[in-house]
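The next block holds one structure in the form of structure tokens; read it before the comments.
Quick caveat, the model's predicted, so the values are computed rather than measured.
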Amino acid sequence: KKHIARICDVVTDEDACLMGEVIRAANKIASERGIVEDGYRVVANCNEGAGQSVWHVHFHLLGGRKLGWPPG
């Protein structure tokens with residue numbers, strides 16, 4: 001376990017591997033939820049101006065509906 005407060009704090013090669021594992025987990029969850037074909041989005045907020053209110057790196061998996069662009 002390692003505490004990383006913000007995605008802009010990810011700086012080591014080990015962190016890069018960890019972030020790759022996060023994307024693999026998101027892909028697995030999206031597949032299990034049946035949202036891969038229609039599409040999904042993986043979001044991480046960085047700092048208050050972007051909506052970060054919990055001070056550890058975490059990701060949001062959005063899908064199961066039409067997602068607009070630009071977001072937010």
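Summarising the local packing, NZ of Lys2 is surrounded by more than 12 heavy atoms from other residues, nucleotides or ligands at distances under 6.0 Å. The number of heavy atoms from other shown groups lying within 6.0 Å of CZ (Arg33) does not exceed 12.
The closest side-chain heavy-atom distance from His60 to Val42 is not below 4.5 Å. Under the 4.5 Å side-chain criterion, counting only non-hydrogen atoms from C-beta, Lys28 is in contact with Glu32.
When every heavy atom of Asn45 is checked against every heavy atom of Val43, the shortest pair comes out as OD1-CG1, 3.7 Å.
Applying the salt bridge (charged side-chain N to carboxylate O under 4.0 Å, His left out) test to Arg6 and every residue at least two apart in sequence or in another chain returns Asp9. Under the rule for a salt bridge (charged side-chain N to carboxylate O under 4.0 Å, His left out), Glu37 has no partner lying at least two apart in sequence or in another chain.
Leu67 CG to Leu62 CG: the interatomic distance, rounded to the nearest 0.5 Å, is 6.0 Å. One distance of note links CG of Asn47 with CD1 of Ile7; it measures 9.0 Å at 0.5 Å rounding.
Side-chain atoms of Gln52 come within 3.5 Å of backbone N or O of Ala5 as a donor-acceptor pair. With hydrogens and angles disregarded, no donor-acceptor distance shorter than 3.5 Å links the side chain of Asn27 to the backbone of Arg24.
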*Just do the side chain to side chain contact (heavy atoms under 4.5 Å, CB included) check on Ile4 and Leu18 with the steps written out, would you?*
CA-CA 11 Å; Ile4 303 171; Leu18 176 61; 4.2 Å; yes
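Applying the ring pair (Phe, Tyr, Trp, His ring centres under 6.0 Å) definition to pairs two or more places apart or across chains, those involving residues 4-56 are His56-His58.
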